[in-house]
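Below is one structure, written out as structure tokens, with a few remarks after it.
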Amino acid sequence: MTTATAIVAGHGLALRRSLHLSKPSCATFSARALPPAAHCCRTVVAAAAPSSRTCRCRSVSSESSTAAAADTADDEEEETKSDSEEEEMDPLAEVCYLDPEADAEGIREWELDFCSRPILDARGKKVWELVVCDATLSLQFTRFFPNTSINSVTLRDALASVATSLGVPLPDRARFFRSQMQTIISRACNELGVKAVPSRRCVSLLLWLEERYETVYSRHPGFQSGTKPLLTLDNPFPTSLPENLFGDKWAFVQLPFSAVREEVESLERRYAFGAGLDLDLLGFELDENTLIPGVAVESSRAKPLAAWMNGLEICSMEVDTGRANLILSAGVSTRYVYAGYQKSAATTQEAEAWEAAKKACGGLHFLAIQENLNSDGCVGFWLLLDLPPPPV
């Protein structure tokens with residue numbers, strides 16, 4: 001793995017000064033001085049999911065605003081033509097789908113959401129829905145429920161029917177992203193022998209819900225426009241980082257997209273700690289040399305640190321330029337002040353450039369844990385993605 005501490009993607013800035021953590025005093029994070037890099041992110045485009053349901057990622061382009069506007073207009077025209085040619089989806093239909101080419105026995109993790117939708121039934125009450133999929137969208141299942149039957153027993157029986165209906169085994173783990181539903185989901189999963197995992201690393205599910213809002217919910221006869229989600233995502237004030245999660249040094253770094261993809265593909269072969277994303281499913285078609293921003297952490301106890309980080313369900317990292325902090329988000333409602341740095345005009349500009357680079361790459365970024373920032377390999381690697389909360 002080749003790292004560089006330039007703050008990436010067309011900004012031509014390099015991190016040239018030490019960034020110190022606020023605590024503990026023994027954990028000092030610093031950055032190496034390297035030449036600035038100049039490279040532009042090109043595009044992130046949508047790719048079709050394995051079924052007729054398409055999981056879409058927003059488009060990103062480094063072209064001029066005029067060219068981008070022209071491309072957007074062309075894309076919208078093509079999408080309009082495509083939509084008119086396709087048969088409209090029945091908003092009342094429920095989904096029960098398994099890719100015939102999928103290895104049913106190999107689907108060991110599900111992603112699920114159990115929540116109300118912006119749809120009213122004949123009684124004028126909000127309809128609830130269970131949505132289940134796997135990370136590749138090879139498995140897809142939906143079912144509507146009246147608001148009078150929302151409990152762990154209903155959910156347990158519905159999850160069991162997913163396995164029965166599709167002829168697949170129950171998973172080992174089921175991820176969910178709404179903290180308010182933790183009690184019901186955990187109880188239902190526990191009764192089925194499934195480990196419930198609170199996590200925002202439900203990328204396929206979140207994108208599928210975004211698509212269902214446009215293609216299903218908004219076309220439903222009971223749809224209520226402007227309805228806010230009943231259970232919003234938590235975004236609590238960040239707390240202090242636990243002592244066992246501190247490293248020795250950290251740096252803003254970058255990797256070519258080709259190297260990022262290589263790291264993801266070799267996660268299981270090269271080391272046990274980390275998590276990837278299905279870049280093909282998400283539709284990332286970046287140039288091989290496009291630089292992806294990330295954070296590298298050096299630690300003399302890199303393996304134990306990576307092991308602890310591995311149990312956090314890390315979902316994203318961001319810079320709070322106002323407080324000069326690096327924020328780590330994990331689980332469904334956990335946010336840590338991962339590092340602090342001395343605030344100045346230069347460091348603020350560098351941090352903003354890192355965030356801009358992340359946005360230019362469609363929110364894609366990474367966290368790498370290394371024994372030494374100058375080494376070519378890493379002990380743990382997490383590919384991360386910024387996603388807005390679902391519209392439901």
Side-chain angles (χ1 to χ4, degrees), residues 44 55-58 109-116 129-137 171-186 189 194-213 228-239 241-242 245 264 267 273-279 281-284 293-295 308-320 325-338 355 358-359 361-367 380-392:
V44 179
C55 181
R56 295 188 182 275
C57 192
R58 286 154 299 283
E109 294 186 355
W110 290 358
E111 300 175 5
L112 70 90
D113 183 40
F114 190 44
C115 191
S116 67
E129 183 187 40
L130 170 65
V131 175
V132 178
C133 67
D134 71 323
T136 66
L137 290 178
D172 299 325
R173 295 153 53 93
R175 287 187 172 90
F176 64 95
F177 62 87
R178 296 188 201 270
S179 60
Q180 301 93 336
M181 297 301 295
Q182 183 160 352
T183 299
I184 289 180
I185 292 176
S186 297
C189 287
V194 177
K195 182 179 180 180
V197 181
S199 173
R200 292 194 190 183
R201 291 191 67 89
C202 303
V203 177
S204 297
L205 175 62
L206 290 169
L207 292 177
W208 189 24
L209 286 174
E210 184 179 326
E211 181 196 320
R212 283 183 62 78
Y213 183 86
K228 295 182 178 180
L230 175 63
L231 304 178
T232 57
L233 299 191
D234 292 334
N235 193 37
F237 192 80
T239 59
L241 189 70
L245 298 182
V264 171
L267 269 173
F273 307 119
L277 296 170
D278 191 328
L279 294 171
L281 175 64
L282 295 176
F284 281 95
V295 171
W308 283 317
M309 296 289 283
N310 210 43
L312 291 182
E313 290 291 317
I314 303 168
C315 57
S316 67
M317 300 193 80
E318 62 183 293
V319 181
D320 182 344
N325 289 328
L326 186 64
I327 308 299
L328 173 72
S329 295
V332 294
S333 58
T334 301
R335 300 176 77 228
Y336 293 122
V337 178
Y338 194 68
E355 281 291 341
K358 185 173 60 169
K359 183 178 181 180
C361 293
L364 199 64
H365 58 296
F366 65 87
L367 170 66
F381 186 89
W382 290 263
L383 188 58
L384 311 173
L385 181 65
D386 282 347
L387 279 178
V392 292

### Heavy-atom closest contact (Ser333 atom, Ser179 atom, distance)
OG-CB, 4.4 Å
### Query
Considering residues at least two apart in sequence or located in another chain, which fulfil the side-chain contact (heavy atoms from CB on, under 4.5 Å) criterion with Asn310?
Phe273, Trp382
### Query
In Å and rounded to the nearest 0.5 Å, what is the CG to CZ distance from Leu385 to Phe366?
14.0 Å
### Query
Is any side-chain heavy atom of Leu207 closer than 4.5 Å to a side-chain heavy atom of Leu387?
yes
### Query
What are the two closest non-hydrogen atoms of Val194 and Pro171, and how far apart are they?
CG2-O, 3.3 Å
### Query
What's the spacing between Ile327 CD1 and Tyr338 OH if we round to 0.5 Å?
12.5 Å
### Message
Minimum heavy-atom separation for Leu112 and Ala174, please, with both atom names.
### Response
CD2-CB, 3.8 Å
#### Entry: CA sep, side-chain torsions, deciding dist, call: Ser204, Glu111, side-chain contact (heavy atoms from CB on, under 4.5 Å)
CA-CA 8 Å; Ser204 297; Glu111 300 175 5; 3.8 Å; yes
### Message
Going by the rule salt bridge (charged side-chain N to carboxylate O under 4.0 Å, His left out), which residues pair with Arg201 if we only count those two or more places apart in sequence or in a different chain?
### Response
none
### Query
To the nearest 0.5 Å, what is the distance between CZ (Phe284) and SG (Cys361)?
8.5 Å
### Query
So do the side chains of Pro198 and Phe176 get within less than 4.5 Å of each other, counting heavy atoms only?
yes
## Note on the structure
Residues passing the ring-ring contact (aromatic ring centres under 6.0 Å, His included) test with Tyr213, sequence neighbours excluded, are Phe223
### Query
Do Phe177 and Pro389 come within less than 4.5 Å of each other through their side chains, counting heavy atoms only?
no
### Task
State the CG-CG distance between Leu312 and Leu367, to the nearest 0.5 angstrom.
10.0 Å
### Query
What heavy-atom pair brings Glu129 and Arg212 nearest, and what distance separates the two atoms?
OE2-NH2, 2.5 Å
## Note on the structure
Sorted by chain and number, sequence neighbours left out, side-chain contact (heavy atoms from CB on, under 4.5 Å) with Asp278 holds for Thr136, Asp280, Leu281
### Task
Go through the steps for Leu364 and Leu279 under the test side-chain contact (heavy atoms from CB on, under 4.5 Å), then give the verdict.
CA-CA 10 Å; Leu364 199 64; Leu279 294 171; 4.2 Å; yes
### Set of residues satisfying salt bridge (charged side-chain N to carboxylate O under 4.0 Å, His left out) with respect to Glu313, sequence neighbours excluded
Arg173, Arg175
#### Entry: CD on Glu318 to CG on Asn325, rounded to 0.5 Å
10.5 Å
## Note on the structure
Here the gap from Leu384 atom CG to Leu277 atom CG, rounded to the nearest 0.5 Å, amounts to 7.5 Å
### Query
Are Arg178 and Cys115 side-chain neighbours, meaning at least one heavy-atom pair lies under 4.5 Å?
yes
### Query
So which heavy atom on Ser316 is nearest to which on Asp386, and how close?
CB-OD1, 3.4 Å
